[in-house]
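Sequence positions, counted from 1, serve as the residue numbers for this chain.
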Amino acid sequence: AGHITAETLMSILRDKASGICVDAEGFRTAGSMVSVLPRDPALPCVHFFTATPDPSRSVFKPFVFVAGIKPALQVRSPTFPQDPARQIPRFQSSVDRRHELYRRHQAALELMERDRERGQRLLAALRGLERQGLQAMRELLE
């Protein structure tokens with residue numbers, strides 16, 4: 001009936017009770033995405049990515065694909081001159097491939113588990129940023 005919004009889908013992807021959002025037994029939802037695909041082909045599609053695990057404690061960030069886009073350094077996995085994946089024999093050692101956003105997300109999760117009050121304030125701030133992204137999308141598409 002046209003009542004499903006990006007916010008509706010984000011809340012569904014964050015629903016742990018349904019089993020859609022998983023954070024148990026050593027397994028965690030790896031990342032989530034919601035796309036807004038306007039019917040008007042002149043308008044851009046807006047995609048919201050968590051780019052981090054556990055959408056219940058992540059923020060959906062808006063992204064519009066355009067020609068010549070360059071990824072932010074904070075979401076690029078590091079590269080290594082002596083990458084164990086490229087050496088023969090392969091994977092004889094390991095390296096930390098987590099990008100900056102992922103590492104900061106992990107620190108935020110630890111804070112949320114260690115200090116519930118500060119963690120809730122941080123999560124509220126993240127949700128505020130998410131609402132700003134959703135508002136910017138609505139303004140872009142109007």
Side-chain angles (χ1 to χ4, degrees), residues 1-87 90-142:
H3 300 291
I4 295 178
T5 64
E7 292 92 335
T8 304
L9 293 172
M10 290 173 188
S11 69
I12 290 169
L13 291 171
R14 288 181 168 132
D15 185 13
K16 290 192 178 207
S18 70
I20 291 174
C21 180
V22 180
D23 185 16
E25 301 174 20
F27 180 79
R28 182 176 285 156
T29 299
S32 296
M33 176 182 145
V34 171
S35 294
V36 177
L37 311 173
R39 292 181 184 193
D40 181 347
L43 294 173
C45 297
V46 181
H47 309 276
F48 289 84
F49 299 95
T50 59
T52 50
D54 192 353
S56 73
R57 299 188 283 182
S58 295
V59 60
F60 283 87
K61 296 159 285 300
F63 188 84
V64 176
F65 289 94
V66 295
I69 191 75
K70 293 182 175 77
L73 293 176
Q74 294 85 350
V75 296
R76 292 186 72 180
S77 294
T79 57
F80 305 93
Q82 302 297 320
D83 191 332
R86 299 182 190 278
Q87 294 179 336
R90 293 171 43 123
F91 301 110
Q92 298 301 300
S93 61
S94 63
V95 292
D96 186 357
R97 297 185 187 280
R98 298 176 302 161
H99 55 69
E100 181 66 20
L101 177 61
Y102 185 88
R103 287 197 312 272
R104 289 183 184 257
H105 176 73
Q106 291 302 104
L109 290 180
E110 290 170 15
L111 173 69
M112 289 175 194
E113 291 169 1
R114 185 179 62 248
D115 185 337
R116 188 165 179 82
E117 185 179 323
R118 285 180 59 206
Q120 288 302 312
R121 285 196 311 262
L122 174 59
L123 189 57
L126 290 172
R127 290 293 193 278
L129 291 171
E130 184 176 277
R131 283 190 298 278
Q132 288 177 26
L134 288 159
Q135 181 59 35
M137 175 208 56
R138 283 189 284 275
E139 291 169 6
L140 175 69
L141 297 179
E142 284 178 355

Is the shortest side-chain heavy-atom distance between [X] and [Y] below 4.5 Å?
| X | Y | result |
| --- | --- | --- |
| R14 | F60 | yes |
| C21 | L13 | no |
| M137 | P62 | no |

Would a distance-only check, ignoring hydrogens and angles, find a side-chain to backbone donor-acceptor pair under 3.5 Å from [X] to [Y]?
| X | Y | value |
| --- | --- | --- |
| R57 | H105 | no |
| Q74 | L101 | no |
| Q92 | R90 | yes |

Note to self: Test of understanding: with side chain to side chain contact (heavy atoms under 4.5 Å, CB included), list the residues that count as partners of R76, not counting sequence neighbours.
What the structure shows: P71, L73
Checklist line | For P84, side chain to side chain contact (heavy atoms under 4.5 Å, CB included) partners two or more places apart | finding: S93, V95, R97
Next item on the list: Return yes if a side-chain donor-acceptor contact under 3.5 Å exists between S11 and T8, otherwise no.
Entry: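 No - no donor-acceptor pair under 3.5 Å links their side chains.
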Next item on the list: Taking atom types as modelled, find out whether E139 and Q135 have a side-chain donor-acceptor pair closer than 3.5 angstrom.
Entry: yes
Next item on the list: Please name the pair of heavy atoms, one in L134 and one in A6, separated by the smallest distance, quoted to 0.1 Å.
Entry: CD2-CB, 3.9 Å
Notebook entry, point to check: Which heavy atom of V59 sits nearest a heavy atom of K61, and at what distance?
Noted result: O-NZ, 2.7 Å
Between [atom1] on residue [X] and [atom2] on residue [Y], distance to nearest 0.5 Å:
| X | Y | atom1 | atom2 | answer |
| --- | --- | --- | --- | --- |
| R131 | L126 | CZ | CG | 10.5 Å |
| S56 | L123 | OG | CG | 8.0 Å |
| Q120 | L111 | CD | CG | 10.0 Å |

Notebook entry, point to check: Who pairs with R138 by salt bridge (charged side-chain N to carboxylate O under 4.0 Å, His left out), at least two apart in sequence or on another chain?
Noted result: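 R138 satisfies salt bridge (charged side-chain N to carboxylate O under 4.0 Å, His left out) with E7 once adjacent residues are dropped.
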Next item on the list: Could you pull out all residues at least two apart from S77 that satisfy side chain to side chain donor-acceptor pair (under 3.5 Å)?
Entry: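 Expected list: none.
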Next item on the list: Check side chain to side chain donor-acceptor pair (under 3.5 Å) between S18 and all other residues, then give those that pass, not counting sequence neighbours.
Entry: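 Expected list: D15.
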Next item on the list: Tell me, with the steps shown, if M33 and F63 meet side-chain contact (heavy atoms from CB on, under 4.5 Å).
Entry: CA-CA 10 Å; M33 176 182 145; F63 188 84; over 6 Å; no
Looking at [X], I want to see if its [atom1] is surrounded by more than 12 non-hydrogen atoms of other residues, nucleotides or ligands under 6.0 Å.
| X | atom1 | answer |
| --- | --- | --- |
| E117 | CD | no |
| R103 | CZ | yes |
| R127 | CZ | yes |

Please list every donor-acceptor pair under 3.5 Å in which a side-chain atom of residues 36-50 meets a protein atom from a residue at least two apart or in another chain.
from : atom 1 : to  : atom 2 : distance (Å)
D40  : OD1    : A42 : N      : 2.8
H47  : ND1    : S35 : OG     : 2.6
T50  : OG1    : S32 : N      : 2.9
T50  : OG1    : T52 : O      : 2.9

